[in-house]
*Asks:* 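One structure follows; several queries about it will come next.
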2 protein chains.
Amino acid sequence: MAKKTVELGEAELAVMRALWEGGPQTVRDVLNRLHERGKTVAYTTVLTFLTRLEQKGVVASDKRDTAYVYRARISRQSVTTSRIKALVDQLYDGAAAPVLLHLIENERFTPDEIAQLRKLIDDLDAGSPE
Amino acid sequence: MAKKTVELGEAELAVMRALWEGGPQTVRDVLNRLHERGKTVAYTTVLTFLTRLEQKGVVASDKRDTAYVYRARISRQSVTTSRIKALVDQLYDGAAAPVLLHLIENERFTPDEIAQLRKLIDDLDAGSPE
DNA sequence: CCTCTACTACTACCGGTGTCGTAGGAAGAT
DNA sequence: ATCTTCCTACGACACCGGTAGTAGTAGAGG
């Protein structure tokens with residue numbers, strides 16, 4: 001059944017990133033992580049986000065000792081997928097190629113990344129029956 | 001200096017697309033175009049969008065006969081650029097590679113597109129001294 | 001001149017996101 | 001038992017984006 005693509009705002013994403021990168025954490029942990037990243041925000045703001053995110057079903061929490069521990073229930077990959085889909089749909093009516101080409105032309109990549117990219121393309125060629 | 005990246009919503013983008021694809025148009029033209037695309041929205045809604053977009057500086061208008069003619073002042077390319085940048089920054093802290101790889105792995109491309117892609121990569125390799 | 005029509009200006013409203021403040025409970029310190 | 005500290009629950013608020021209604025104006029037709 002269709003996981004109805006939840007849209008996340010920028011600040012919400014920052015919280016998700018804290019969870020993705022630091023694993024299950026308490027509100028305070030997330031707060032500290034955001035502060036380290038230069039994002040100064042109030043404790044209750046983080047709490048609000050985590051609560052909302054839980055309501056949206058993208059994070060879960062368990063009581064651990066005195067405080068709740070929150071963890072991500074969706075992967076960064078899946079968010080990437082829906083974000084890209086939105087972008088591609090809204091700007092190019094679903095055609096991904098222009099976006100792909102745009103990325104290659106406008107961003108900088110290391111030789112390693114280029115090599116990896118080339119390999120992927122070879123695989124694409126090889127493994128695309130029908 | 002620095003064109004302060006204007007963020008556009010989905011419906012606003014739909015209007016921009018009408019302008020990009022149909023050139024300078026009146027409110028009614030845009031409305032018809034949206035209707036053709038299956039987007040049923042009121043005349044005044046389109047007017048509101050065009051007015052707001054003009055205030056944001058992304059479209060301009062000229063009085064022509066009885067009605068104003070609106071035209072885009074920013075390209076689809078530039079919007080693509082900022083959208084991608086936002087995505088990449090918000091999800092991968094500025095690293096474009098994961099997004100690029102994601103696109104290749106998850107979207108379908110035609111042989112032509114793949115060929116074009118391969119060519120671009122070859123150019124990348126060639127044109128990157130040091 | 002009067003009316004109909006199309007266009008613009010202004011205002012409004014709702015839901016979502018970003019941001020907190022305050023109140024109240026639980027747990028540790030004195 | 002009380003004070004201090006940390007945590008959660010709940011409410012608040014402003015701004016933006018999506019959507020539209022109404023009023024007012026200017027030209028087209030009779």
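Below, chains carry the letters A, B, ... as their sequence lines are ordered, and counting in each starts from 1.
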*Asks:* Starting at CD of A:Gln55 and ending at P of D:dA9, how long is that distance when rounded to a whole Å?
*Replies:*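 Roughly 10 Å, once rounded to whole Å.
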
*Asks:* Quick one: label B:Phe49 by what it contacts on the DNA or RNA (base, sugar-phosphate, nothing), any heavy atom closer than 4.0 Å.
*Replies:*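 The answer is base, as B:Phe49 lies within the cut-off (heavy atoms under 4.0 Å) of a base atom.
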
*Asks:* Could you tell me whether a side-chain N or O of B:Glu12 sits under 3.5 Å from a main-chain N or O of B:Gly9, the two making a donor and an acceptor?
*Replies:*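 Present.
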
*Asks:* Has the side chain of B:Thr44 got a donor or acceptor atom sitting under 3.5 Å from an opposite partner on the base of D:dG21?
*Replies:*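 It does, because a donor-acceptor pair links the side chain of B:Thr44 to the base of D:dG21 below 3.5 Å.
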
*Asks:* Given the structure, check if the side chain of A:Arg52 and the base of C:dG16 hold any donor-acceptor pair shorter than 3.5 Å.
*Replies:*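 Check fails, no donor-acceptor contact within cut-off.
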
*Asks:* Distance check needed: C:dC7 C1' versus B:Asn32 CG, whole Å only.
*Replies:*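 Nearest whole value for this atom pair: 14 Å.
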
*Asks:* Under 3.5 Å, is there a donor-acceptor pair linking the side chains of B:His35 and B:Thr40?
*Replies:*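 No donor-acceptor contact under 3.5 Å links the two side chains.
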
*Asks:* Looking only at the side chains, is there a donor atom on one of B:Gln90 and A:Arg83 sitting less than 3.5 Å from an acceptor on the other?
*Replies:*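 Present: a donor and an acceptor within the cut-off.
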
*Asks:* Round to a whole Å and report the spacing from CG of B:Leu34 to C1' of D:dA20.
*Replies:*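 Roughly 15 Å, once rounded to whole Å.
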
*Asks:* For B:Thr48, answer base if it contacts any base atom (sugar-phosphate contacts may also be present), sugar-phosphate if it contacts only those atoms, and nothing otherwise; contact means non-hydrogen atoms under 4.0 Å.
*Replies:*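 Here B:Thr48 touches the bases of the nucleic acid.
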
*Asks:* Is B:Arg28 touching bases, backbone alone, or none of the nucleic acid, heavy atoms closer than 4.0 Å?
*Replies:*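 Sugar-phosphate only.
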
*Asks:* May I have the distance from B:Glu12 (atom CD) to D:dG17 (atom P), rounded to whole angstrom?
*Replies:*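 Result: 5 Å.
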
*Asks:* When the distance from NZ of B:Lys56 to C1' of D:dG17 is rounded to whole Å, what number comes out?
*Replies:*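 Rounded to the whole Å, the gap is 7 Å.
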
*Asks:* Looking only at side-chain atoms of A:Leu47, point me to the closest of C:dT19, D:dA9, D:dA20.
*Replies:*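 So the nucleotide nearest the side chain must be D:dA9.
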
*Asks:* Would you mind telling me which of C:dT19, D:dA20, C:dT8 lies closest to the side-chain atoms of B:Thr45?
*Replies:*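 Nearest to the side-chain atoms of B:Thr45, counting from C-beta on, is D:dA20.
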
*Asks:* What is the distance from CD of A:Glu10 to C1' of C:dG18, rounded to the nearest Å?
*Replies:*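 Whole-Å distance recorded here is 10 Å.
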
*Asks:* Write down the distance between CG (A:Leu31) and C1' (C:dT19), rounded to a whole number of angstrom.
*Replies:*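 After rounding, the gap between these two atoms is 13 Å.
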
*Asks:* Closest approach to the side chain of A:Thr66, judged atom by atom: which nucleotide of C:dC7, D:dG18, D:dC7 is it?
*Replies:*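 Nearest to the side chain of A:Thr66 among the choices is D:dC7.
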
*Asks:* So which nucleotide from D:dA20, D:dG18, C:dT19 ends up closest to the side chain of B:Val41?
*Replies:*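 Of D:dA20, D:dG18, C:dT19, D:dA20 is nearest to the side chain of B:Val41.
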
*Asks:* For the NZ atom on B:Lys119, are there more than 12 heavy atoms of other groups (residues, nucleotides or ligands in this structure) within a distance under 6.0 Å?
*Replies:*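 No.
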
*Asks:* Please state how far atom NZ in A:Lys39 lies from atom C1' in C:dT17, giving the value in whole angstrom units.
*Replies:*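 A:Lys39 atom NZ is separated from C:dT17 atom C1' by 11 Å.
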
*Asks:* Less than 4.0 Å between a side-chain N and a carboxylate O, is that true for B:Glu21 and B:Arg76?
*Replies:*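 A salt bridge is present here (some side-chain N lies under 4.0 Å from a carboxylate O).
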
*Asks:* Could you check whether A:Tyr43 gets within reach of a base, just the sugar-phosphate, or nothing at all, counting any heavy atom under 4.0 Å?
*Replies:*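 Base: the residue A:Tyr43, judged by heavy atoms under 4.0 Å, touches a nucleobase.
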
*Asks:* Select base, sugar-phosphate, or nothing to describe what B:Lys63 touches, counting heavy atoms under 4.0 Å on all strands.
*Replies:*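 Touches nothing.
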
